[in-house]
Amino acid sequence: MTTEQLQNDRFLRALLREPVDRTPVWMMRQAGRYLPEYREVRGKAGDFMSLCGAPELACEVTLQPLRRFPLDAAILFSDILTVPHAMGLGLYFEAGEGPRFERPVRNARDIEQMPLPDPEDELGYVMDAVRLIRRELAGKVPLIGFAGSPWTVATYAVEGGSSKTFGIIKRMLYDEPALLHSLLDKLTTATTNYLNAQIAAGAQAVMVFDTWGGALAPAAYREFSLAYMTRIVDNLEREADGRRIPVVLFTKNAGIRLREMVDSGCDALGVDWTTDLALARSWTEDRVALQGNLDPSVLYASPGVIRAEVGRVLASYGHGEGHVFNLGHGIHPDVPPEHAAAMVAAVHELSPQYHATG
């Protein structure tokens with residue numbers, strides 16, 4: 001693993017609530033379909049999983065947004081479903097329907113047959129991509145590794161793909177909770193191993209995406225989602241190259257649950273656009289950094305409006321350290337790249353006033 005000096009560690013310092021001169025900024029899904037150069041590379045790869053599985057191509061699309069925008073972090077180009085795919089569920093993508101699994105998990109035997117993948121074997125292509133990206137970044141900005149939360153990954157594994165009602169997994173949750181816990185337990189072990197391998201390969205921060213945690217009732221969220229994310233946090237390597245490895249948890253539609261997420265031991269919480277950052281900061285009592293939370297649809301608006309809305313988000317968090325500017329979820333595929341540039345420029349222009357060193 002490369003141990004170069006970081007030229008820009010603003011993102012890592014903000015996650016640890018250390019002083020920065022301006023609010024760092026990156027975008028969820030910043031390497032993706034809104035960039036024409038990404039679409040060109042994906043066309044050459046043939047399909048999404050072929051792109052994920054080729055370290056050189058994954059590296060290329062990871063670096064593309066950094067060539068366009070002065071961002072403060074790169075995020076590994078991969079997918080949250082690489083782990084269940086490596087556990088033998090047969091991931092494929094159906095046109096117009098998103099990810100699907102050939103062998104969904106429905107009973108104890110299905111769970112028993114799922115192997116725990118070796119991150120340097122079945123998921124070695126991801127680790128090769130991490131190492132290559134770190135080398136190519138050459139210390140310009142830090143690299144974020146990531147995984148899906150056990151609950152979110154389980155929804156796809158049990159439903160067999162995307163779902164609007166989560167009928168199959170919620171029936172399992174309420175009728176056969178022990179069965180679901182056995183699946184979540186195995187996914188938690190696999191995810192912890194996967195993230196630790198990313199850290200060993202060179203990831204300088206890691207993020208857990210709990211896309212569907214907000215679909216759970218409060219008690220179910222604590223038992224079937226937050227408890228397993230907390231276990232992951234407890235078992236991650238938290239230092240490499242003499243620096244702390246910050247951990248970010250993001251539950252979409254978390255809202256008031258942010259108050260409980262603080263106790264997970266993470267360094268930062270992602271906040272979607274439906275929760276005011278001032279409220280989130282009050283609920284979390286400045287115990288963790290906050291990441292977010294511009295409504296991704298703001299990027300459809302004119303640059304002047306984008307600037308005003310960026311200002312609103314910055315003012316909502318207010319003065320002090322511990323804010324990483326981001327969208328409240330992933331950038332939409334049909335957003336003009338120039339509008340993403342306007343957002344980044346606005347953060348650079350407007351955020352120094354909120355920092356003592358700015």
Side-chain angles (χ1 to χ4, degrees), residues 1-4 29-32 38 41-42 44-64 66 73-93 99-103 105 111-139 141-150 152-154 156-157 183 185-209 232 235-241 245 247:
M1 184 180 72
T2 313
T3 56
E4 75 289 317
R29 294 186 187 149
Q30 65 188 24
Y38 167 87
V41 174
R42 173 157 175 181
K44 290 176 182 175
D47 58 60
F48 179 77
M49 284 308 294
S50 296
L51 181 52
C52 289
E56 296 81 8
L57 298 183
C59 176
E60 167 61 20
V61 296
T62 297
L63 299 178
Q64 284 174 347
L66 298 172
I75 184 166
L76 167 70
F77 181 82
S78 189
D79 192 86
I80 64 169
L81 299 181
T82 52
V83 169
H85 182 51
M87 298 174 88
L89 302 192
L91 176 65
Y92 68 100
F93 286 81
R100 309 289 300 172
F101 282 113
E102 295 172 5
R103 293 172 288 281
V105 179
I111 297 168
E112 289 165 8
Q113 288 182 335
M114 293 169 65
L116 280 175
D118 181 339
E120 287 289 356
D121 188 358
E122 292 89 351
L123 290 159
Y125 62 93
V126 178
M127 306 313 143
D128 288 342
V130 171
R131 284 185 280 264
L132 184 56
I133 296 163
R134 268 296 296 272
R135 190 182 77 203
E136 293 300 313
L137 281 171
V141 295
L143 174 62
I144 308 166
F146 73 92
S149 74
T152 290
V153 170
Y156 290 97
L183 172 60
D185 181 74
K186 183 168 273 192
L187 288 173
T188 298
T189 300
T191 302
T192 303
N193 294 344
Y194 181 56
L195 287 173
N196 276 332
Q198 289 184 40
I199 292 166
Q204 291 148 294
V206 293
M207 186 162 170
V208 179
F209 286 93
I232 289 172
N235 289 285
L236 287 179
E237 296 294 333
R238 302 297 286 274
E239 190 170 312
D241 298 339
I245 305 294
V247 180

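As the structure is a prediction and not an experimental result, all values here were calculated from the model. As a basis for the values below, the full set of heavy atoms in this structure was taken, side chains included, without hydrogen atoms, waters or symmetry mates.
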Task: Electrostatic pair Glu56:Lys44 at N-O distance under 4.0 angstrom - done: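 Salt bridge: no.
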Side-chain heavy-atom pair [X], [Y] within 4.5 angstrom cut-off:
X      : Y      : value
Leu116 : Thr189 : yes
Leu63  : Leu66  : yes
Leu195 : Val208 : yes
Met114 : Leu187 : yes
Pro84  : Leu91  : no
Gln30  : Ile75  : yes
Leu123 : Tyr194 : yes
Arg103 : Gln113 : no

TODO: Using atom types as modelled and distance alone, determine if a side-chain donor or acceptor of Gln198 lies under 3.5 Å from a backbone N or O of Ala203.
DONE: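 Flag not set: sc Gln198 to bb Ala203 has no pair under 3.5 Å.
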Task: Side-chain (Asn235) to main-chain (Asn196) donor-acceptor, under 3.5 angstrom - done: no
Report the distance from atom [atom1] of [X] to atom [atom2] of [Y], rounding to the nearest 0.5 Å.
X      : Y      : atom1 : atom2 : result
Leu137 : Cys59  : CG    : SG    : 7.5 Å
Ile199 : Glu239 : CD1   : CD    : 11.5 Å
Phe146 : Leu76  : CZ    : CG    : 5.5 Å
Arg131 : Leu143 : CZ    : CG    : 12.0 Å
Met207 : Ser149 : CE    : OG    : 11.5 Å
Leu57  : Leu51  : CG    : CG    : 6.0 Å

Compare every heavy atom of [Y] with every heavy atom of [X], then report the nearest pair and how far apart it is.
X      : Y      : result
Thr62  : Ala74  : CG2-CB, 4.1 Å
Val130 : Gly202 : CG1-N, 3.8 Å
Thr191 : Gly148 : CG2-O, 3.8 Å
Met87  : Pro117 : CG-CD, 3.6 Å
Ala201 : Met127 : CB-O, 4.0 Å
Arg134 : Asp241 : NH2-OD2, 3.8 Å

- [ ] Step through it carefully: locate the ring centre of Phe101, locate the ring centre of Tyr156, and say whether they are under 6.0 Å apart.
- [x]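 Not close enough - the centres of the two rings lie 6.0 Å or further apart.
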TODO: Decide yes or no on side chain to side chain contact (heavy atoms under 4.5 Å, CB included) for His85 and Tyr92, but give the supporting numbers first.
DONE: CA-CA 9 Å; His85 182 51; Tyr92 68 100; over 6 Å; no
Task: Pair Thr152-Phe209, side chain to side chain contact (heavy atoms under 4.5 Å, CB included): steps then yes or no - done: CA-CA 8 Å; Thr152 290; Phe209 286 93; over 6 Å; no
Task: side chain to side chain contact (heavy atoms under 4.5 Å, CB included) assessment of Phe77 paired with Ile133 - done: CA-CA 10 Å; Phe77 181 82; Ile133 296 163; 6.0 Å; no
